[in-house]
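Below is one structure, written out as structure tokens, with a few remarks after it.
In this chain, residues are counted from 1 in sequence order. Heavy atoms only: backbone and side chains are in, while hydrogens, waters and symmetry mates are out.
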Amino acid sequence: QVQLAESGGGSVPPGGSLRLSCKASGRTSRTTTVAWFRQAPGSERVFVAAIFRSGQSTHYADSVKGRFTMSRNVAENIAYLQMNSLKTEDTAIYYCAADNRLILSSVRLFSQYDYWGQGTQVTVSS
């Protein structure tokens, strides 16, 4: 079992920045992939970013590429999502997800992740 706890959400104006954190505990390893997904009201949960296993590769949704940066401290079991140049359309609940057996072709598929955090609200509004 892996437990995930997100923090760092909040409300910012357009153009602002936020950094989300995801603290993992339990049975993580070098094969654990960690990802961020988001879900806006009335919409499905969509992929934002992922670090495959312990850093073999990093992946981003086209909508956030160049604005968001995901990083991970494997020793401390914390993943971060630095979000810059935020837009109103970034407003959503952001979820941290993890899986110990994910294959590379599945990193963007929320259905393939076994473990989820409770989510943290990000609101971008003037």
Side-chain angles (χ1 to χ4, degrees):
Q1 289 286 339
V2 176
Q3 294 78 42
L4 302 171
E6 304 98 334
S7 61
S11 182
V12 295
S17 298
L18 282 173
R19 188 177 80 157
L20 305 184
S21 299
C22 173
K23 172 65 176 173
S25 58
R27 302 185 67 176
T28 60
S29 70
R30 292 187 174 275
T31 65
T32 302
T33 294
V34 181
W36 290 95
F37 289 79
R38 67 186 182 186
Q39 188 167 18
S43 299
E44 63 181 21
R45 194 167 299 188
V46 296
F47 172 78
V48 175
I51 294 181
F52 181 62
R53 299 192 176 174
S54 294
Q56 291 185 19
S57 56
T58 305
H59 306 264
Y60 296 97
D62 288 344
S63 59
V64 306
K65 203 171 292 183
R67 300 188 298 122
F68 291 11
T69 302
M70 184 174 178
S71 59
R72 184 175 171 189
N73 184 322
V74 176
E76 296 189 6
N77 264 339
I78 301 177
Y80 301 99
L81 185 68
Q82 178 66 44
M83 306 186 295
N84 298 329
S85 302
L86 282 161
K87 305 176 181 180
T88 55
E89 52 263 43
D90 294 318
T91 295
I93 299 174
Y94 283 70
Y95 296 92
C96 180
D99 195 275
N100 289 328
R101 300 172 298 173
L102 205 72
I103 59 175
L104 182 58
S105 60
S106 297
V107 292
R108 298 170 184 264
L109 304 178
F110 75 85
S111 62
Q112 300 300 303
Y113 288 81
D114 284 341
Y115 307 107
W116 291 87
Q118 80 286 356
T120 185
Q121 177 70 47
V122 171
T123 302
V124 184
S125 173
S126 55

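The environment of Gln1 atom CD is sparse: at most 12 non-hydrogen atoms of other residues, nucleotides or ligands sit within 6.0 angstrom. For CD of Gln118, the number of neighbouring non-hydrogen atoms (other residues, nucleotides, ligands) closer than 6.0 Å is greater than 12.
Here Leu104 contributes atom CG and Gln56 contributes atom CD; the two are 8.0 Å apart, rounded to the nearest 0.5 Å. A distance of 11.5 Å separates CD1 of Ile93 from OG of Ser43, quoted to the nearest 0.5 Å. Distance check, rounded to the nearest 0.5 Å: OH of Tyr80 to SG of Cys96 gives 12.0 Å. To the nearest 0.5 Å, the span separating CG on Asp99 from CG on Leu109 amounts to 11.0 Å.
Heavy-atom minimum distance, Thr88 versus Pro14: CG2-CG, 4.0 Å. Nearest heavy-atom pair, Arg38 versus Ser63, reported as atom, atom and distance to 0.1 Å: NH2-OG, 3.6 Å. Here the closest heavy-atom approach between residue Ala24 and residue Leu4 is recorded as CB-CD2, 3.7 Å.
Looking only at side-chain heavy atoms (C-beta outward), Tyr94 and Glu6 stay at 4.5 Å or farther from each other. The side-chain heavy atoms of Asp114 and Arg101, taken from C-beta on, include a pair separated by under 4.5 Å. Side-chain contact between Thr33 and Tyr113 is present, with heavy atoms from C-beta onward closer than 4.5 Å. Using a 4.5 Å cut-off on side-chain heavy atoms (C-beta onward), Lys23 and Asn77 make contact. A heavy-atom distance below 4.5 Å is not found between the side chains of Ile51 and Val34.
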Test side chain to side chain contact (heavy atoms under 4.5 Å, CB included) applied to Asn100 and Tyr115, step by step
CA-CA 9 Å; Asn100 289 328; Tyr115 307 107; 4.2 Å; yes

How far apart are the C-alpha atoms of Thr32 and Arg72, what are their side-chain angles, what is the distance that settles it, and do they pass the side chain to side chain contact (heavy atoms under 4.5 Å, CB included) test?
CA-CA 11 Å; Thr32 302; Arg72 184 175 171 189; 3.7 Å; yes

List the steps and the verdict of side chain to side chain contact (heavy atoms under 4.5 Å, CB included) for Gln112 and Val107.
CA-CA 8 Å; Gln112 300 300 303; Val107 292; over 6 Å; no

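Phe47 and Met83 are members of different hydrophobic clusters when ILVMFWY side chains are connected at heavy-atom separations under 4.5 Å. No single ILVMFWY cluster, assembled from side-chain heavy atoms under 4.5 Å apart, contains both Phe110 and Val122. Follow the hydrophobic side-chain contacts under 4.5 Å out from Leu102 and you reach Trp116 in the same cluster. Met70 and Leu20 end up in the same hydrophobic cluster when Ile, Leu, Val, Met, Phe, Trp and Tyr side chains are linked at under 4.5 Å. There is a path of hydrophobic side-chain contacts, each under 4.5 Å, that joins Leu18 to Val64.
Of the N and O atoms on the side chains of Thr123 and Ser125, not one donor lies less than 3.5 Å from an acceptor on the other residue.
Judged purely by atom type and a 3.5 angstrom limit, Asn84 has no side-chain atom pairing as donor or acceptor with the backbone of Ser17.
At least one cation-pi condition fails for Arg45 and Phe37: the charged atom is not both under 6.0 angstrom from the six-membered ring centre and inside a 45 degree cone around its axis.
In this structure, Lys65 pairs ionically with Asp62, as a charged nitrogen and a carboxylate oxygen lie closer than 4.0 Å.
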